[in-house]
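Quick caveat, the model's predicted, so the values are computed rather than measured.
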Amino acid sequence: MKEFNQICKEFEQLDVLSYGAILAEKSAKILPALKNITQDGATGAAIYATFILGAIAADGKLSEEEYLLVYPLLSAFFGESVNYEEVKYAVKLLKPESKELKNSVDAMVDILGKIDEELKNDIIIVCMMICAIDGKISQKEKRWIKQLIA
């Protein structure tokens with residue numbers, strides 16, 4: 001596997017259409033796999049939503065690009081349309097230093113420890129892509145991603 005910073009640079013340079021295509025492809029694999037692990041489709045979607053929201057909140061702010069990229073997933077997870085301001089407010093509540101986000105990361109790491117390496121890599125790639133959609137994976141986002149990899 002390539003060095004972490006090189007992979008980050010590659011994601012930072014992707015165009016929006018590529019992000020959408022890769023995200024759709026990975027999500028099509030991740031959701032059914034999580035459903036199979038949990039034997040409960042809603043729980044699988046909830047687990048995936050936790051990773052998505054964690055990636056969005058990793059740097060403590062929500063860019064419009066992040067919102068637009070994950071809007072279809074958020075709508076599917078929550079069963080209704082969620083507007084930018086609502087998601088932005090939810091991200092504010094999940095500040096990187098908050099206890100909620102730390103507990104969420106601990107739960108995510110536990111889940112990643114129970115799944116196969118390919119699925120783990122797919123989830124981490126999705127998280128990296130969400131962090132990189134604004135053209136830069138910040139240091140806070142890199143620290144958050146590294147916690148998932150460990």
Side-chain angles (χ1 to χ4, degrees), residues 1-35 37 43-98 100-112 115 117-150:
M1 182 177 245
K2 296 178 183 176
E3 187 178 321
F4 180 75
N5 286 328
Q6 180 59 36
I7 294 170
C8 289
K9 282 193 184 305
E10 289 175 15
F11 285 126
E12 291 169 346
Q13 296 169 356
L14 278 178
D15 62 274
V16 176
L17 291 176
S18 296
Y19 276 106
I22 295 169
L23 186 61
E25 174 193 333
K26 296 293 183 192
S27 295
K29 289 171 47 181
I30 292 168
L31 276 169
L34 289 176
K35 286 179 188 178
I37 289 169
T43 302
I47 291 168
Y48 194 41
T50 302
F51 281 99
I52 300 296
L53 292 173
I56 291 170
D59 65 355
K61 54 190 173 194
L62 173 67
S63 74
E64 203 160 340
E65 294 92 351
E66 285 173 325
Y67 169 75
L68 291 172
L69 177 69
V70 298
Y71 176 79
L73 289 173
L74 294 175
S75 292
F77 294 145
F78 300 118
E80 57 186 62
S81 64
V82 286
N83 70 41
Y84 178 62
E85 291 304 318
E86 291 170 334
V87 178
K88 194 174 178 180
Y89 178 74
V91 168
K92 261 189 182 175
L93 296 176
L94 287 174
K95 293 179 181 162
E97 63 278 354
S98 75
E100 291 84 5
L101 189 57
K102 288 178 184 171
N103 291 340
S104 184
V105 169
D106 289 344
M108 287 183 239
V109 170
D110 289 345
I111 291 165
L112 290 173
I115 59 178
E117 199 64 28
E118 183 179 346
L119 182 58
K120 176 181 176 178
N121 288 338
D122 285 345
I123 292 170
I124 291 170
I125 286 169
V126 167
C127 291
M128 290 177 79
M129 289 177 59
I130 292 167
C131 291
I133 189 64
D134 58 1
K136 178 76 176 135
I137 300 178
S138 71
Q139 288 304 314
K140 286 181 184 177
E141 291 168 327
K142 286 180 181 181
R143 281 193 299 272
W144 181 80
I145 294 165
K146 286 179 179 179
Q147 290 176 37
L148 299 179
I149 294 171

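Every pair tested for salt bridge (charged side-chain N to carboxylate O under 4.0 Å, His left out) that includes a residue from residues 43-58 fails, sequence neighbours excluded, so the list is empty. Sorted by first and then second residue, the salt bridge (charged side-chain N to carboxylate O under 4.0 Å, His left out) pairs involving residues 141-150 (not counting sequence neighbours) form an empty list.
Take Asp110 and apply the side-chain hydrogen bond (donor to acceptor under 3.5 Å, both in side chains) test, not counting sequence neighbours, and it matches no residue. Scored by the side-chain hydrogen bond (donor to acceptor under 3.5 Å, both in side chains) test, Glu65 finds Ser63 as partners (sequence neighbours excluded). Residues satisfying the side-chain contact (heavy atoms from CB on, under 4.5 Å) criterion with Val16, sequence neighbours excluded, are absent altogether.
The shortest non-hydrogen separation linking Cys131 to Ala55 is SG-O, 3.5 Å. For Ala132 against Tyr19, the heavy-atom pair with the smallest separation is O-OH, 3.0 Å.
With a 4.5 Å cut-off on side-chain heavy atoms, Phe51 and Leu112 count as touching. The closest side-chain heavy-atom distance from Ile22 to Leu14 is below 4.5 Å.
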Donor-acceptor contacts, no H, no angles, side chain residues 122-130, under 3.5 Å, sequence neighbours left out:
from   : atom 1 : to    : atom 2 : distance (Å)
Asp122 : OD1    : Lys26 : NZ     : 2.9
Asp122 : OD2    : Lys29 : NZ     : 3.1

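Side chain of Lys120 to backbone of Ile149: a donor-acceptor contact under 3.5 angstrom is found.
Leu148 CG to Ile111 CD1: the interatomic distance, rounded to the nearest 0.5 Å, is 10.5 Å. The line from CD1 of Ile30 to OH of Tyr48 is 4.0 Å long, rounded to the nearest 0.5 Å. Taking CD1 of Ile137 as the start and CG of Asp59 as the end, the distance is 10.5 Å to the nearest 0.5 Å.
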